[in-house]
Structures are given as structure tokens and as C-alpha cells.
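Notes for the one structure printed next.
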There are 2 protein chains.
Amino acid sequence: MRVKQLADAMGVTSDTVRYYTRVGILNPNRNPANGYKQYSQQDKNRLRFALRARDLGFTLADIVQIVTHAGRGDSPCPIVRRLIEQRFADIEARFQDTERLYGRMQKAMQAWQAMPDEEPNGEMICALIEQWEKP
Amino acid sequence: MRVKQLADAMGVTSDTVRYYTRVGILNPNRNPANGYKQYSQQDKNRLRFALRARDLGFTLADIVQIVTHAGRGDSPCPIVRRLIEQRFADIEARFQDTERLYGRMQKAMQAWQAMPDEEPNGEMICALIEQWEKP
DNA sequence: CTTGACCCGTGTCTTAGACACAGGTTTATA
DNA sequence: TATAAACCTGTGTCTAAGACACGGGTCAAG
């Protein structure tokens with residue numbers, strides 16, 4: 001199948017398929033008649049794997065490592081275990097960071113809505129931000 | 001004050017001070033003797049404002065807009081109100097995305113630890129990822 | 001006067017694609 | 001069969017918020 005066909009089948013854009021090809025996750029053959037990329041069923045499986053791993057928080061660099069080792073016949077075992085531990089810690093930290101940010105913003109919004117009575121204006125907001133304390 | 005002095009005073013790196021200068025948040029004078037940037041107390045105040053706004057989820061582009069309008073004597077009011085609404089929606093979406101990602105990863109980790117009995121190996125993890133269903 | 005710490009501007013790198021461009025190919029329709 | 005729409009190719013640039021490197025100039029203490 002060609003780029004768009006694969007992209008549509010997996011629910012991504014053509015650019016994503018091309019990008020995953022560029023970085024080495026997909027390895028299409030070339031149609032000798034016109035030079036177009038030809039994706040096999042194996043590419044489709046790899047793309048499905050890649051998208052699921054991405055949804056679990058792995059980076060594309062992680063995925064490239066995994067599929068490269070898998071393709072060489074090596075067991076991706078130690079790599080994958082290390083990556084899982086690493087990404088889990090990353091996502092946990094990111095989650096907590098975002099949670100704190102969200103909390104700060106909620107508090108700021110509440111402070112804004114608790115402003116005296118008039119509509120808040122730009123200066124008041126700027127003053128609010130300026131007086132804001134580090135969490 | 002010079003770059004490093006300001007950076008140290010505000011707890012950021014010199015690169016950050018230079019970057020904020022590049023994008024127009026800070027406007028140092030130049031020391032004519034050597035061409036070095038000379039930051040004033042107003043720059044320090046601006047940097048403090050910028051860092052607090054950043055901690056509240058505003059982008060640097062947002063901050064540039066705000067301080068540019070403030071510097072021109074315009075009221076930043078309508079801009080700031082629009083930005084606040086925009087960023088609050090952004091952070092809310094980001095928080096929920098990260099929360100979902102964190103949940104998916106937690107479930108994956110639990111599934112991994114609930115694996116039969118042996119140590120999990122790479123193939124098993126890959127199989128887990130492959131069979132993983134979209135949330 | 002030397003040494004180490006600081007400064008300068010400029011340029012490149014990072015993620016995960018999105019978008020644009022100029023031109024070649026395929027496919028459906030008239 | 002001609003043409004137009006939709007597709008394809010590679011290449012290059014852009015995103016956010018700095019980090020890092022380079023080659024060279026400047027400052028302070030010893």
C-alpha cells in the first residue's frame with residue numbers, strides 16, 4: 001500500500017507516515033516504476049505498534065530503538081525494561097507538574113473572579129500576576 | 001546589572017536572560033565602554049513578572065504581548081483577558097491529556113506486574129504493547 | 001601578568017510532526 | 001482520450017523555550 005492508504009487505515013496523516021519512515025520505524029520498498037514507497041503488512045503492524053507505544057508515553061526515539069533491536073533479531077528485553085521505567089518516571093513527573101500548574105491557574109482564576117465587583121481590567125490582572133507568589 | 005547578576009538574582013540561567021532579551025521582554029541598555037548589556041531595576045521587575053506569568057501557564061509570546069502593550073502605555077486589558085481564557089482552556093486540556101496518559105501508563109505497569117510469575121522479558125512487554133487497546 | 005570567570009553574538013539542536021513548494025503520477029470523469 | 005482532481009516525490013522551513021557550543025573579547029583577584 002502507498003502512503004495515504006496506510007495513513008488512512010491507521011487514522012493518521014500522510015505526514016506522520018512519512019515522518020515515521022524518515023526516522024526508520026517504517027521501511028517501505030520502492031515501486032521501481034515510479035519510485036513511490038510501498039508499505040507491506042509488516043509496516044502496518046509496526047505502525048500499529050508504534051502508535052500504541054506512543055499512546056503509552058514512549059517517545060519516537062524509544063520506539064526506533066525497540067523496533068531496530070527487534071528487527072535485528074535481538075531481544076529488546078533489557079532496553080524495553082529500562083525504557084519503561086524511565087518513561088513511567090517521566091510521565092509521573094509530567095503529570096504532577098501539570099497538576100500543580102492547573103492548580104495554580106485555578107487559584108488564579110478564582111482570585112480573579114473574587115475581585116471586588118467591577119469587571120476586572122488589564123491592570124488588575126497584571127497586578128494579580130505580579131503579586132502572585134511562587135507555589 | 002549584567003546578565004549573570006540578574007540571572008542569579010532571579011534564579012534562572014544566563015541563557016534564559018539572554019533569550020528573554022532576544023524576544024523583547026527585557027530591554028537592557030548597552031555599556032558604551034564594552035557593549036555589555038546593562039539591566040535596570042525595571043528589567044528586573046519585568047523579569048519577575050514574566051517568570052510569574054510563565055508559572056501561571058502563559059507562553060513567552062503571551063508575555064511579550066502583554067509587556068509590549070504595557071510599555072506603550074496601552075491598557076493590556078482586553079489582551080490579557082483573552083489570553084487568560086485561552087490559557088486556562090489550554091492548561092485544562094493539557095491536564096486532562098496528561099491525566100489520561102498517566103492512567104494508561106499505570107494500567108500498563110499493573111498489567112506488567114501482574115504477568116504470570118517469571119520476570120517479564122522484552123517480548124512479553126512488546127506483546128503487551130501490541131495488544132494494548134486504545135483507551 | 002596570568003588565570004579563571006565572565007561577557008559578546010551567532011548558530012545549531014531538541015519533539016513530533018505541519019505546512020509549503022515545485023513538479024511528476026494516477027485515477028475518475030466527461 | 002483528454003483533462004482535472006487527487007495523489008505522490010524530496011526538500012526545506014517552522015513550531016517553544018531555552019541548552020549548548022564556538023571563537024574571541026573583558027574583568028577581577030592573586
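We name chains A, B, ... by the order of the sequence lines, and we start the count at 1 in each one.
Judged as a side chain to side chain donor-acceptor pair (under 3.5 Å), and not counting sequence neighbours, the contacts of Thr21(B) are Tyr39(B). Under the side chain to side chain donor-acceptor pair (under 3.5 Å) criterion, Lys4(A) pairs with Asp8(A), sequence neighbours left out.
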* **Trace of the side-chain contact (heavy atoms from CB on, under 4.5 Å) decision for Arg82(A) with Gln65(A)** => CA-CA 12 Å; Arg82(A) 185 167 42 75; Gln65(A) 278 199 45; 4.3 Å; yes
* Evaluate side-chain contact (heavy atoms from CB on, under 4.5 Å) for Met105(B) paired with Glu92(A), printing each intermediate quantity in order. => CA-CA 9 Å; Met105(B) 192 140 203; Glu92(A) 197 164 17; over 6 Å; no
* Asked: Can you list the steps and then say if Asp90(B) with Arg87(B) is a salt bridge (Lys or Arg N to Asp or Glu O under 4.0 Å)?
  -> CA-CA 5 Å; Asp90(B) 289 351; Arg87(B) 289 315 152 218; 2.5 Å; yes
* Does the pair Leu26(A) and Leu6(A) meet the rule for a side-chain contact (heavy atoms from CB on, under 4.5 Å), with working shown? -> CA-CA 11 Å; Leu26(A) 304 176; Leu6(A) 177 58; 4.2 Å; yes
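Arg2(B) places its CZ atom 12 Å from the C1' atom of dC8(C), with the value rounded to the nearest Å. Regarding Tyr39(B), its OH atom lies at a distance of 14 Å from the C1' atom of dC6(C), rounded to whole Å. Residue Lys37(B) contributes atom NZ, which lies 16 Å from atom P of dC6(C) at whole-angstrom precision. Taking atom CG on Leu51(A) and atom P on dA16(C), their separation rounds to 13 Å, with Å as the unit.
A side-chain donor-acceptor contact under 3.5 Å links Asp62(B) to the backbone of Thr59(B). Within the 3.5 Å criterion, the main-chain N or O of Val12(B) finds no donor-acceptor partner in the side chain of Thr16(B). Side chain of Gln5(A) to main chain of Arg2(A): a donor-acceptor pair is present (N/O by atom type, distance under 3.5 Å, no hydrogens or angles). A distance-only check finds no donor-acceptor pair linking the side chain of Gln96(A) to the backbone of Ala93(A) [under 3.5 Å]. With Arg104(B) contributing its side chain and Leu56(A) its backbone, the two residues share no donor-acceptor pair below 3.5 Å.
Against DNA chain D, the stretch residues 22-30 of chain B makes no heavy-atom approach under 4.0 Å. Only Thr13(B), Asp15(B), Thr16(B), Tyr19(B), Tyr20(B), listed by number, bring a heavy atom of residues 6-20 of chain B to less than 4.0 angstrom from any atom of DNA chain D.
Remark: Arg100(A) engages Asp97(A) in a salt bridge, criterion side-chain N to carboxylate O under 4.0 Å.
Each end of the helix from dC1(C)-dG30(D) to dA30(C)-dT1(D) gets its own rotation axis from five pairs of C1' atoms, and the angle between them is 10° to the nearest 10 degrees.
One hydrophobic cluster, built from ILVMFWY side chains closer than 4.5 Å, holds both Ile25(B) and Tyr19(B).
Between chain B and DNA chain D, the heavy-atom contact criterion of under 4.0 Å yields a 5' to 3' nucleotide range of dA17(D) to dC27(D).
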